Asks: 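One structure follows; several queries about it will come next.
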Amino acid sequence: MVKKLSRKFYTQPTLKVAKELLGKYLVRKLGSRKLVGKIVETEAYIGPEDRASHSFGGKVTERCKTEYLEGGHIYIYLCYGMHWQLNITTSLAGKPECVLIRALGHPLATGPGKLCNYLKLNKSFDGEDLTKSKRVWIENRGKRTKPSTGAKLGAGLVPHRNKVSGAGKQQVVATKRIGIDYAGSWAKKPWRFYLKNNPFVSKI
DNA sequence: GTACAGATTGAG
DNA sequence: TCAATCTGTACT
């Protein structure tokens, strides 16, 4: 069953969305072609309190202002002057929370920068509404990972130890985020999620 | 205005 | 291990 994800999905708590996006399909329409890739790796960035987030402390800059949009919008920005990073906003309007899409199940989309290059995503998609857009959206193709009933998210997880949850075919692993060692204790939060044993997940 | 670091990547 | 090179922040 193919079903486009609705506003209701995106406005759920960020950690939940980050986890449930795994196994969903990102669809990008390029002219008459349609590129589709399964999401296999994500990271959550939670608002004013997350030191690794651009909106840490409630800052609103020209770059990160779209992060404050209601769940279901695209927040895309340039990193290191050359790589675009695709984020999906979550939660309610005014709350700077989002999920970074780090990898798709495609050899040319195995990293946040490569993914955007492959799907031809750039600044023109900043603020795009995934529930209304005709050129990019996310689908549930009936093979979704089973919602976790075991490990609790957030504060309940112990840093430095990977937790595997989800009894479905595809297991979800939670571990610490990548490339944000400067963020102190926030760098250790197990807010990176990926599908266990998936070959397209970055190996770190 | 200048200096520097960053949610990265591919080449050497 | 490094450089590519845009954006935001902390200085002068």
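These numbers were taken from a predicted model, which means no experiment stands behind them. Hydrogens, waters and symmetry mates play no part in the numbers below; they use all other heavy atoms, side chains included. Chain A is the first sequence line, chain B the second, and so forth, proteins listed ahead of strands; every chain is numbered from 1.
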Asks: Rounded to whole angstroms, how far apart are CZ on R177(A) and P on dT8(B)?
Replies: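 After rounding, the reported distance stands at 11 Å.
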Asks: So that I can tick it off, tell me whether E128(A) and R135(A) are bridged by a salt bridge, with the cut-off set at under 4.0 angstrom between side-chain N and carboxylate O.
Replies: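 Here R135(A) pairs with E128(A) in a salt bridge, since their nearest N and O are under 4.0 Å apart.
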Asks: Would you indicate which nucleotide in dC6(C), dT8(B), dT9(C) comes nearest to any side-chain atom of L78(A)?
Replies: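 Closest of the options to the side chain of L78(A): dC6(C).
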Asks: Rounded to the nearest angstrom, tell me the gap between atom OH in Y75(A) and atom P in dT7(C).
Replies: 12 Å
Asks: List for me each residue that meets salt bridge (charged side-chain N to carboxylate O under 4.0 Å, His left out) alongside E49(A), sequence neighbours excluded, and say none if there are none.
Replies: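 Checked E49(A) against salt bridge (charged side-chain N to carboxylate O under 4.0 Å, His left out); zero matches.
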Asks: Grab the OH-P distance between Y77(A) and dT5(C) for me, whole Å please.
Replies: 19 Å
Asks: Taking CG from L115(A) and C1' from dT8(B), how many angstroms apart are they, rounded to a whole number?
Replies: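 Spelled out: CG on L115(A) to C1' on dT8(B) is 13 Å.
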Asks: What is the distance, rounded to the nearest whole Å, between atom CG of L108(A) and atom P of dG10(B)?
Replies: 10 Å
Asks: Looking across every strand, which nucleic acid part, if any, lies under 4.0 Å from E43(A) by heavy atom: base, sugar-phosphate, or nothing?
Replies: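 Counting heavy atoms under 4.0 Å across all strands, no contact is made by E43(A).
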Asks: For Y10(A) and H73(A), which I'm curious about, is there any donor-acceptor pair between the side chains at under 3.5 Å?
Replies: no
Asks: Hey, is D50(A) close enough to K189(A) for a salt bridge, meaning N to O under 4.0 Å?
Replies: no
Asks: Nearest-Å distance, NE2 (H54(A)) to P (dG6(B))?
Replies: 11 Å
Asks: Please determine whether a side-chain nitrogen or oxygen atom of K59(A) lies at a distance below 4.0 Å from atom OP1 or OP2 of dT9(C).
Replies: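 Result: yes.
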Asks: May I ask you to say whether E139(A) pairs ionically with K24(A), meaning some side-chain N is under 4.0 Å from a carboxylate O?
Replies: no
Asks: Starting the side chain at C-beta, find the nucleotide from dT8(B), dG8(C), dA4(C) nearest to H83(A).
Replies: dT8(B)
Asks: Rounded to the nearest angstrom, tell me the gap between atom CG in D181(A) and atom P in dT8(B).
Replies: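 Between P of dT8(B) and CG of D181(A): 10 Å.
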Asks: What is the separation between atom CD1 on I178(A) and atom C1' on dT8(B), rounded to the nearest whole Å?
Replies: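 I178(A) atom CD1 is separated from dT8(B) atom C1' by 11 Å.
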Asks: Would you kindly confirm whether Y68(A) and I46(A) end up in one hydrophobic cluster when ILVMFWY residues are joined by side chain heavy atoms under 4.5 Å apart?
Replies: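 No, it is not one cluster - the side chains of Y68(A) and I46(A) are not joined through contacts under 4.5 Å.
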Asks: Rounding to the closest angstrom, what is the interatomic distance between dG10(B) and dT7(C) at atom C1'?
Replies: 22 Å
Asks: Heavy atoms from C-beta onward define the side chain here; which of dT8(B), dG8(C), dG10(B) lies closest to that of Y80(A)?
Replies: dT8(B)
Asks: Got a sec: does the NZ of K4(A) have more than 12 other heavy atoms crowding it under 6.0 Å?
Replies: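 Atom NZ in K4(A) is packed in, count exceeds 12.
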Asks: Between dT9(C), dT8(B), dT9(B), which nucleotide has the shortest distance from any of its atoms to the side chain of T61(A)?
Replies: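 Between dT9(C), dT8(B), dT9(B), the one nearest the side chain of T61(A) would be dT9(C).
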Asks: Can you tell me which stems DNA chain B forms when a stem means 3 or more consecutive Watson-Crick or G-U pairs under 3.5 Å?
Replies: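 Only these stems qualify: B:1-6 with C:6-11, B:8-11 with C:1-4.
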